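See structure below.
Quick caveat: nothing in here was measured; it's all calculated off a predicted structure.
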Amino acid sequence: MYRSTTRDIEVEVEPFYLPDRSDPDDSRYVWGYRVTIANNSDVFVQLLARYWRITDGIGRVEEVRGPGVVGEQPELNPGDSFQYTSGCPLRTPSGIMVGAYTVRSGEGEFFDVAIPAFSLDLPDRTHSVN
């Protein structure tokens, strides 16, 4: 689990490998990630946009920007949380994602909330058999 907090807005990320959607023989590795955004502040916020910086295992970088998350622009009152699941394909068996959400407060202030850097790594498949 990866976690960061910006102005009492907490972002927690849990990545997981999706072997049924991956094809290592074709250099296709797919991960899912579950994100929970918790508004621990005392102000209303609305998530308006996302930014991702995705770096694969050999350093290729892709930047993704867009409105909201999974087709929504969630509104979070103090104490509310929002969870969603999405995915990321890579051409290498490992990578790193990091990013930010742009939010607007109830007072009309815009600010970025950090998404913690998290690694995308194949599960360890080496097990000793006794």
Side-chain angles (χ1 to χ4, degrees):
M1 202 79 75
Y2 300 82
R3 195 177 275 127
S4 69
T5 302
T6 305
R7 295 173 64 168
D8 293 325
I9 311 295
E10 183 180 74
V11 178
E12 185 178 272
V13 183
E14 181 182 2
F16 48 94
Y17 181 61
L18 297 169
D20 57 320
R21 308 221 9 228
S22 299
D23 184 359
D25 292 335
D26 194 30
S27 296
R28 181 173 171 78
Y29 303 87
V30 181
W31 283 265
Y33 53 90
R34 185 172 305 105
V35 177
T36 303
I37 304 161
N39 183 359
N40 300 320
S41 76
D42 57 1
V43 298
F44 165 89
V45 294
Q46 181 178 17
L47 190 157
L48 299 176
R50 70 187 182 285
Y51 165 75
W52 287 108
R53 180 180 170 91
I54 305 160
T55 307
D56 73 11
I58 59 171
R60 289 179 292 217
V61 175
E62 179 183 359
E63 294 185 323
V64 178
R65 298 175 191 276
V69 291
V70 294
E72 298 187 49
Q73 292 181 315
E75 299 179 349
L76 300 167
N77 287 304
D80 285 351
S81 64
F82 178 81
Q83 186 175 82
Y84 72 94
T85 302
S86 191
C88 176
L90 289 180
R91 291 181 281 169
T92 60
S94 65
I96 295 174
M97 292 180 65
V98 66
Y101 298 120
T102 300
V103 302
R104 181 181 59 224
S105 73
E107 292 80 37
E109 179 187 5
F110 293 84
F111 61 96
D112 286 341
V113 172
I115 302 169
F118 58 96
S119 63
L120 306 171
D121 295 302
L122 286 181
D124 183 7
R125 293 175 188 257
T126 57
H127 296 88
S128 59
V129 178
N130 295 329

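Screening residues 48-62 for salt bridge (Lys or Arg N to Asp or Glu O under 4.0 Å), with sequence neighbours left out, gives R53-E63, D56-R60.
The shortest side-chain heavy-atom distance between F16 and P123 does not fall under the 4.5 Å cut-off. A heavy-atom distance below 4.5 Å is not found between the side chains of V45 and Y101. When side chains are defined from C-beta on, S86 does not count as touching V35, because their heavy atoms never get closer than 4.5 Å. Under the 4.5 Å side-chain criterion, counting only non-hydrogen atoms from C-beta, I115 is in contact with V13. The shortest distance between side-chain heavy atoms of I37 and I9 falls below 4.5 Å. Under the 4.5 Å side-chain criterion, counting only non-hydrogen atoms from C-beta, L47 is not in contact with L76.
Hydrophobic clustering (ILVMFWY, side-chain heavy atoms < 4.5 Å, transitive): I96 and V30 are in distinct clusters. When the side chains of ILVMFWY residues are joined at heavy-atom separations under 4.5 Å, either directly or via intervening members, L90 and L18 end up in two distinct hydrophobic clusters. When hydrophobic clusters are built by joining Ile, Leu, Val, Met, Phe, Trp and Tyr residues whose side-chain heavy atoms come closer than 4.5 Å, directly or via intermediates, Y51 is not grouped with V98. Both V11 and V64 sit in one connected hydrophobic cluster of ILVMFWY residues. Membership requires side-chain heavy atoms under 4.5 Å apart, directly or through other members.
In this structure a side-chain-to-backbone donor-acceptor pair under 3.5 Å is missing from S22 to P24. Judged purely by atom type and a 3.5 angstrom limit, D112 has no side-chain atom pairing as donor or acceptor with the backbone of A100. T6 contributes a side-chain N or O that, together with a main-chain N or O of A114, makes up a donor-acceptor pair within less than 3.5 Å. Put simply, the side chain of T55 never gets that close to the backbone of V61: no donor and acceptor are under 3.5 Å apart. Put simply, the side chain of Q46 gets close to the backbone of Q73: a donor and an acceptor are under 3.5 Å apart.
For the pair P74 and V69, the tightest heavy-atom approach, listed with the atom from each and the gap, is CD-CG2, 4.2 Å. Closest approach of S81 and A38 over heavy atoms only: CB-CA, 4.0 Å. Closest approach of P78 to S41, counting heavy atoms only: CB-O, 3.3 Å.
Taking the six-membered ring for Trp, Y33 and W52 have ring centres closer than 6.0 Å.
No side-chain N or O of S94 forms a donor-acceptor pair with one of Y29 less than 3.5 Å apart.
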#### Entry: side chain to side chain contact (heavy atoms under 4.5 Å, CB included) assessment of W31 paired with M97
CA-CA 11 Å; W31 283 265; M97 292 180 65; over 6 Å; no
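With rounding to the nearest 0.5 Å, the separation of CD in E72 from CZ in F82 is 4.0 Å. A distance of 7.5 Å separates OG1 in T36 from CE in M1, rounded to the nearest 0.5 Å. The line from CG of D42 to CG of N77 is 12.0 Å long, rounded to the nearest 0.5 Å. One distance of note links CD of Q83 with CD of E12; it measures 8.5 Å at 0.5 Å rounding.
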